[in-house]
Protein chains: 2
Amino acid sequence: MSATITDVARAAGVSPSTVSRALGGGPVNDATRATIVRVAEELGYRPNRAARELITGRTGTIGLLVPDLGNPYFSEIIKGASSRARAGALPIFVSDTDEDVAREREAIASLRATTDGLLLVSPRGSDEELAALAAGGPTVVVNREVPGLPAVISDAASGIAQALQHLGALGHTRVAYVTGPHGSWSDHRRREGLASATGLGIEIVHVPAATPTFHSGVLAADLVLTTGATAVIAFNDLIAIGVLDRLAARGVRVPHDLSVVGHDDIAMASMCSPHLTTIAVPKERMGSMAADMLLRTLDRRGASDDRDPSVLLPSTLIVRDSTGEVKA
Amino acid sequence: MSATITDVARAAGVSPSTVSRALGGGPVNDATRATIVRVAEELGYRPNRAARELITGRTGTIGLLVPDLGNPYFSEIIKGASSRARAGALPIFVSDTDEDVAREREAIASLRATTDGLLLVSPRGSDEELAALAAGGPTVVVNREVPGLPAVISDAASGIAQALQHLGALGHTRVAYVTGPHGSWSDHRRREGLASATGLGIEIVHVPAATPTFHSGVLAADLVLTTGATAVIAFNDLIAIGVLDRLAARGVRVPHDLSVVGHDDIAMASMCSPHLTTIAVPKERMGSMAADMLLRTLDRRGASDDRDPSVLLPSTLIVRDSTGEVKA
DNA sequence: GTGAAAGCGCTAACAA
DNA sequence: TTGTTAGCGCTTTCAC
């Protein structure tokens with residue numbers, strides 16, 4: 001067994017409470033503190049988390065829930081959140097929901113028990129349900145807005161507007177939008193962006209995709225070809241890459257015959273062929289910012305109840321090789 | 001505050017210890033147990049983890065350390081491990097090391113404190129260092145063997161042999177191997193596999209890659225073209241996809257002019273163009289098997305000390321569109 | 001089969 | 001500034 005606070009106290013010739021104060025930054029004589037710190041070091045003292053948690057009621061960890069750990073989009077958010085959490089010396093619990101609402105509920109409940117606060121990425125549940133689940137403790141939502149909860153989102157409307165302007169400048173007048181999953185908050189926002197970008201003389205046709213995956217993109221590609229659109233904007237890069245794949249198989253040249261725009265700028269977007277023009281969102285920054293908001297909430301727990309406002313991060317169109325001038 | 005064991009005891013008219021026994025599977029009168037279970041349910045009783053950990057010394061969680069959360073190869077291992085851990089009702093802590101040895105040490109130490117056992121994926125440290133770190137508690141290593149530790153690895157030699165046979169059958173006699181990072185255990189194994197696959201009349205030339213990434217693959221592609229090889233086997237799919245990208249840029253047709261084989265079969269391998277022939281390893285199964293071994297170790301903690309033997313999982317060549325007959 | 005009592009390691013009043 | 005006391009919620013002897 002490793003050294004306990006009592007061991008340190010005995011070795012330093014003081015009481016356990018003095019050790020606790022010395023190490024915890026309480027009011028202690030400087031000389032005493034120096035001795036205690038040294039002795040603790042020598043003994044290799046590590047405070048027992050469980051004991052501390054039992055009394056303080058705080059676990060000293062935060063939780064992060066994403067729909068799918070395998071999705072590179074979420075990986076980057078995770079990286080951002082982890083590095084921020086690490087900076088705050090808080091271990092972070094990462095879990096995924098398999099894109100499933102029931103698992104989401106379950107995972108939130110389980111994470112609550114082991115953490116002081118939660119980062120919820122792209123949650124699937126309804127606003128009401130989430131509000132209820134969030135009541136269990138400090139919560140920050142990423143990639144979605146839920147009334148009453150602090151959130152970090154990207155500026156979908158601006159990203160979409162940039163893409164449409166880009167396509168407009170290239171002469172496109174009929175653009176297909178391959179949608180996200182039914183009920184997706186992000187998809188809703190992007191549709192709004194599409195609808196509000198008028199005055200460019202671009203007509204939008206919608207093509208459904210059931211899941212935000214490569215396979216849905218493959219499926220969608222054939223549908224897109226029936227619409228007469230000369231360009232496609234996909235809900236995300238994975239779908240766009242699926243579209244690319246199917247187009248290549250059918251002999252449709254990109255961008256010569258059809259332009260393709262993705263969304264998110266995952267790493268794969270610059271590895272596929274042709275390299276994908278896409279609306280980049282600052283994924284890592286979203287993660288770190290969300291973690292930051294959560295940590296700040298925890299710090300002032302109970303102090304003031306001024307909520308963090310939601311944060312809107314900019315989207316940027318990255319032009320690569322999958323978009324080009326419309327051909328006669 | 002949620003209900004405590006004392007609340008349940010009072011409500012059920014028994015002592016706390018009886019509640020503890022009833023819920024923990026101890027010897028209790030059936031009727032008593034039934035009442036207690038019902039009351040606990042009604043009160044929404046959730047045992048306090050910290051209190052339990054304080055007395056039992058077990059955290060009820062396991063840890064998983066990977067080099068890079070953003071690497072899809074590791075994502076799948078994580079998925080396998082998580083689902084196994086979930087089945088055992090153990091939360092799992094996932095963390096990454098940024099491919100950095102110092103961070104690895106640090107992360108292991110930090111995870112040790114909060115978990116009952118660790119899953120180490122592709123650790124970078126030396127055998128001695130790992131053995132020392134592993135001494136801190138139950139440990140299972142994935143993707144590498146460390147003397148004295150249970151491990152889960154894939155059958156590199158067999159995978160390489162299959163690839164070489166495949167290429168041989170297509171008429172290739174000079175094959176370039178794009179290596180993994182210096183000091184990588186997996187890379188070492190694959191080189192051994194390459195060296196031992198004699199009798200096929202295939203000559204191997206080595207082309208170095210500093211990191212297992214797309215960019216290293218791009219870099220390596222030009223080198224490969226100087227070797228006179230008609231086929232490439234890459235350390236992993238990411239490198240192979242980098243090679244593909246650079247070859248396309250240089251107008252080298254795959255597989256017409258050059259065949260390319262990857263390793264791992266990450267999702268991206270069937271999304272790139274052309275679809276990548278690759279040596280598939282059962283990533284998810286490796287993760288779940290490793291978690292399984294760890295959980296079993298925890299269960300019999302102290303009981304018998306018969307160690308789990310290491311497990312070797314099969315590799316399988318998946319032939320797609322990036323390999324073809326050698327052209328005159 | 002059940003209860004009483006002790007204590008895991010720590011922190012937080014409260015005294016001194 | 002420091003020590004004493006009490007107790008967080010639970011499991012686990014040890015009696016009964």
Side-chain angles (χ1 to χ4, degrees), chain A residues 1-40 43-61 89 112-116 137 298-299 301-303, chain B residues 1-40 43-61 89 112-116 298-299 301-302:
Chain A
M1 212 50 189
S2 74
T4 73
I5 200 170
T6 320
D7 299 331
V8 177
R10 193 161 25 218
V14 296
S15 78
S17 25
T18 302
V19 175
S20 175
R21 275 187 294 255
L23 268 24
V28 177
N29 181 298
D30 281 352
T32 323
R33 166 173 287 122
T35 318
I36 291 174
V37 168
R38 186 174 47 72
V39 171
L43 263 43
Y45 169 68
R46 316 278 311 159
N48 181 309
R49 274 182 34 273
R52 178 174 287 170
E53 176 184 346
L54 185 53
I55 188 162
T56 61
R58 298 187 50 170
T59 63
T61 63
R112 274 281 177 238
T114 41
T115 61
D116 295 335
L298 295 178
D299 277 346
R301 198 190 195 21
Chain B
M1 214 48 187
S2 75
T4 73
I5 201 170
T6 320
D7 298 331
V8 177
R10 193 163 22 221
V14 296
S15 76
S17 23
T18 303
V19 175
S20 176
R21 275 187 293 257
L23 267 23
V28 177
N29 181 299
D30 281 354
T32 320
R33 167 173 286 122
T35 316
I36 291 173
V37 168
R38 186 174 47 72
V39 171
L43 264 42
Y45 169 69
R46 318 277 311 160
N48 180 308
R49 275 181 29 275
R52 178 174 287 170
E53 176 185 345
L54 185 54
I55 188 161
T56 61
R58 298 186 49 169
T59 63
T61 64
R112 274 282 176 239
T114 41
T115 61
D116 294 335
L298 295 178
D299 278 346
R301 198 189 192 23

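By convention in this document, chain letters (A, B, ...) are assigned in the order of the sequence lines, proteins followed by strands, and residues within each chain are numbered from 1.
With sequence neighbours excluded, no residue forms a side-chain contact (heavy atoms from CB on, under 4.5 Å) with A:Arg46. Remark: B:Thr59 engages B:Thr61, B:Asp116 in a side-chain hydrogen bond (donor to acceptor under 3.5 Å, both in side chains) (not counting sequence neighbours). In this view, B:Arg33 satisfies the side-chain hydrogen bond (donor to acceptor under 3.5 Å, both in side chains) rule with no residue, not counting sequence neighbours. A:Leu43 pairs by the side-chain contact (heavy atoms from CB on, under 4.5 Å) definition with A:Ala3, A:Asp7, A:Val8, A:Ala11, A:Val39, not counting sequence neighbours. Residues forming a side-chain hydrogen bond (donor to acceptor under 3.5 Å, both in side chains) with B:Thr18 (at least two apart in sequence, or on another chain): B:Ser15. For the side-chain hydrogen bond (donor to acceptor under 3.5 Å, both in side chains) test, residues two or more places apart in sequence or in another chain that qualify with B:Arg49 are A:Glu53.
A straight line from CZ of B:Arg46 to P of D:dG9 spans 16 Å, rounded to a whole angstrom. Going from atom CZ of B:Arg58 over to atom P of D:dT11 covers 13 Å, rounded to whole Å. Atoms CD1 (B:Ile55) and P (D:dC10) sit 11 Å apart, rounded to a whole Å. Look at CZ on B:Arg49: it is 16 Å from C1' on C:dC8, rounded to the nearest Å. For the pair B:Asn48 CG and C:dG9 C1', the interatomic distance rounds to 14 Å; values are reported in whole Å.
The stretch residues 5-34 of chain B touches DNA chain C through B:Val14, B:Ser15, B:Ser17, B:Thr18, B:Arg21, B:Pro27, B:Val28, B:Asn29, B:Thr32, each having a heavy atom within less than 4.0 Å of the strand.
In the helix from C:dG1-D:dC16 to C:dA16-D:dT1, the end axes, each obtained as the rotation axis mapping the C1' atoms of four pairs onto the next four within a five-pair block, lie 30° apart to the nearest 10 degrees.
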May I have the list of side-chain donor-acceptor pairs in residues 21-32 of chain A shorter than 3.5 Å, sequence neighbours left out?
from, atom 1, to, atom 2, distance (Å)
A:Asn29, OD1, A:Ala31, N, 2.7
A:Asn29, OD1, A:Thr32, N, 3.4

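Counting heavy atoms from C-beta on, the side chains of B:Asn48 and B:Thr4 never come closer than 4.5 Å.
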